Enquirer: 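For reference, the structure I am asking about is given below.
Quick note on labels: first sequence line is chain A, next is B, and so on, each numbered from 1. Everything quoted here is computed from the prediction, not taken from an experiment.
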2 protein chains.
Amino acid sequence: MPIDGLATQLRKGVIEYCVLAMLKEMPRYGGEVIQMLRARGELVVSEGTIYPLLSRMRSEGLVETEWRDTPGGAPRRYYRLSRSGQKAVAQFRDEWFRFRDSVDNIFRNGARQ
Amino acid sequence: MPIDGLATQLRKGVIEYCVLAMLKEMPRYGGEVIQMLRARGELVVSEGTIYPLLSRMRSEGLVETEWRDTPGGAPRRYYRLSRSGQKAVAQFRDEWFRFRDSVDNIFRNGARQ
DNA sequence: CAAGGATCCTTGCATTGCAAGGAATGGCGA
DNA sequence: TCGCCATTCCTTGCAATGCAAGGATCCTTG
């Protein structure tokens, strides 16, 4: 059973770039990213989504990582944007706004162009 | 090779409801739907996407179909919205606007809530 | 030492967009 | 008539990715 029926498929291909965008400000670790996405109602994700995603982005060179010890508990792997990650975010951002407008048009104006 | 790199994954889970929304005005056939989506720059799809999609929607009861002869050429299968298809469009519409706002926020304001 | 919380990861599955290939219908020119 | 082409529809197999479930490691607390 998916976390949230309809929106599950909506998230495909968007979460990756949302995560990259969240890393623009500062490096973050996996659990932190999950918490931040959950704070927004519509972007709830599970560990099984985020960790494989972060691994993919690392092997694609979009992010770079660094272990940091914590005052108590397991060490955290922090992710920060690489140069090519920054480019990817910028490129996707443009595509997102165009895509969003197309879909908005269909749902606001019906099929009329 | 995908039709359009980044946007390929974006389309997942959205095209289905865009097609349903396009059927609200009047019944349409597969090729017509493809043409209309291509007219919008950001929602280009191929036959291999639309025909399996229309079949799924038919077997889920979201659309009903009817064959119509054409003045010259192969007959067309026309799709029209069923009652449950109308409900699905309305429900998705609400989800879409919320989802869109969440993503917009991330790309406009960074990670700040 | 045992229990528990936080963190990270892996495996296997479901969904869905896509390319490639193919079949049926009718028009048109050789 | 025969072959070719455009139009329309469909099927097969693959790729990408969100997800649940399960598990490993490290630290603290009792």
Enquirer: OP1 or OP2 of C:dG17 sitting under 4.0 Å from any side-chain N/O of B:Arg56?
Expert: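 B:Arg56 to C:dG17 OP1/OP2: side-chain N or O found under 4.0 Å.
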Enquirer: Could you check A:Gly73 against A:Pro52 and say which one's nearest nucleotide on DNA chain C is further toward the 5' end?
Expert: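 That would be A:Gly73.
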Enquirer: Report the distance from atom CD of A:Gln9 to atom NZ of B:Lys12, rounding to the nearest 0.5 Å.
Expert: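 Answer for the CD-NZ pair, A:Gln9 versus B:Lys12, is 7.0 Å.
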Enquirer: Rounded to the nearest angstrom, tell me the gap between atom CE in B:Met57 and atom C1' in C:dT16.
Expert: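 About 13 Å, once rounded to whole Å.
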Enquirer: Ignoring backbone atoms, establish whether A:Thr8 has a side-chain N or O less than 4.0 Å from OP1 or OP2 of D:dG18.
Expert: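 Checking D:dG18 against A:Thr8, no side-chain N or O comes under 4.0 Å of OP1 or OP2.
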Enquirer: Return yes if the base of C:dC18 and the side-chain atoms of B:Glu47 contain a donor-acceptor N/O pair under 3.5 Å, otherwise no.
Expert: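 Donor-acceptor pair under 3.5 Å: no.
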Enquirer: Counting only heavy atoms not in B:Arg83, do more than 12 fall under 6.0 Å of its CZ?
Expert: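 Result for CZ/B:Arg83: open.
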Enquirer: Indicate, yes or no, whether a donor-acceptor pair under 3.5 Å links the base of C:dT15 to the side chain of A:Lys12.
Expert: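 When only heavy-atom distances are counted, A:Lys12 does reach the base of C:dT15 through a donor-acceptor pair under 3.5 Å.
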Enquirer: Could you check A:Thr70 against A:Gly13 and say which one's nearest nucleotide on DNA chain D is further toward the 5' end?
Expert: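 Mapping each residue to its closest nucleotide by heavy atoms, the 5'-most match is A:Gly13.
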Enquirer: Within this structure, what is the OH-to-C1' distance between B:Tyr29 and D:dC9, rounded to whole angstrom?
Expert: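 The distance from OH of B:Tyr29 to C1' of D:dC9 comes to 12 Å, rounded to the nearest Å.
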Enquirer: Write down the distance between CG (A:Leu53) and C1' (C:dT10), rounded to a whole number of angstrom.
Expert: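 The answer, rounded to whole Å, is 15 Å.
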Enquirer: Got a donor-acceptor contact below 3.5 angstrom from the B:Ser82 side chain to the B:Leu62 backbone?
Expert: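 Yes, B:Ser82 side chain to B:Leu62 backbone: donor-acceptor pair under 3.5 Å.
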Enquirer: Between C1' on C:dG17 and CD1 on B:Ile50, what's the gap in Å once rounded to a whole number?
Expert: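 It works out to 10 Å between those atoms.
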Enquirer: Identify, with sequence neighbours excluded, every residue that meets salt bridge (Lys or Arg N to Asp or Glu O under 4.0 Å) alongside B:Arg100.
Expert: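 So B:Arg100 forms a salt bridge (Lys or Arg N to Asp or Glu O under 4.0 Å) with A:Asp104.
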Enquirer: For DNA chain D, whose closest nucleotide is more 5', that of B:Gln35 or that of A:Glu60?
Expert: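 On the 5' side of the pair lies B:Gln35.
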Enquirer: In whole Å, what is the span from the CG atom of A:Leu54 to the P atom of D:dG18?
Expert: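 In whole Å, D:dG18 P and A:Leu54 CG are 11 Å from each other.
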Enquirer: Quick check on contacts: within residues 74-86 of chain A, what sits under 4.0 Å from DNA chain C by heavy-atom distance?
Expert: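 Going residue by residue through residues 74-86 of chain A, the ones with a heavy atom under 4.0 Å of DNA chain C turn out to be A:Ala74, A:Pro75, A:Arg76, A:Arg77, A:Tyr79.
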Enquirer: Strictly below 4.0 Å: does A:Arg11 bring a side-chain N or O up to OP1 or OP2 of D:dC19?
Expert: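 Indeed, a polar side-chain atom of A:Arg11 lies that close.
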Enquirer: Heavy atoms from C-beta onward define the side chain here; which of D:dC19, C:dG17, C:dT10 lies closest to that of A:Ser55?
Expert: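 Of the options given, the side chain of A:Ser55 lies nearest C:dT10.
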Enquirer: Has the side chain of B:Arg68 got a donor or acceptor atom that lies under 3.5 Å from a matching backbone atom of B:Pro75?
Expert: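 No; zero donor-acceptor contacts below 3.5 Å.
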Enquirer: Between A:Asp69 (CG) and D:dC26 (P), how many Å, whole number?
Expert: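 Those two atoms, CG and P, are 11 Å apart.
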Enquirer: To the nearest angstrom, how far is B:Leu10 atom CG from D:dG18 atom P?
Expert: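 So the CG-P distance, B:Leu10 to D:dG18, works out to 11 Å.
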Enquirer: Under the ring pair (Phe, Tyr, Trp, His ring centres under 6.0 Å) test against A:Phe107, which residue among B:Phe97, B:Phe92, B:Tyr17 passes?
Expert: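 The single option meeting the ring pair (Phe, Tyr, Trp, His ring centres under 6.0 Å) with A:Phe107 is B:Phe92.
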Enquirer: Atom CZ of A:Arg68 to atom P of D:dC26: distance rounded to whole Å?
Expert: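 About 20 Å, once rounded to whole Å.
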Enquirer: Choose from D:dT17, C:dC8, C:dC18 the nucleotide whose nearest atom is closest to any side-chain atom of A:Tyr51.
Expert: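 That would be C:dC8.
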Enquirer: Under 4.0 angstrom, heavy atoms only, what part of the nucleic acid is B:Gly48 near: base, sugar-phosphate, or nothing?
Expert: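 Base, at least one base atom sits under 4.0 Å.
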Enquirer: Give a yes or no on whether the backbone of B:Gly61 and the side-chain of B:Ser84 come within a donor-acceptor separation of less than 3.5 Å.
Expert: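 The answer is yes, because a donor-acceptor pair under 3.5 Å joins these two groups.
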Enquirer: Kindly compute the distance separating CG (A:Leu54) from CG (A:Leu20), expressed to the nearest 0.5 Å.
Expert: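 CG of A:Leu20 is found 9.0 Å from CG of A:Leu54.
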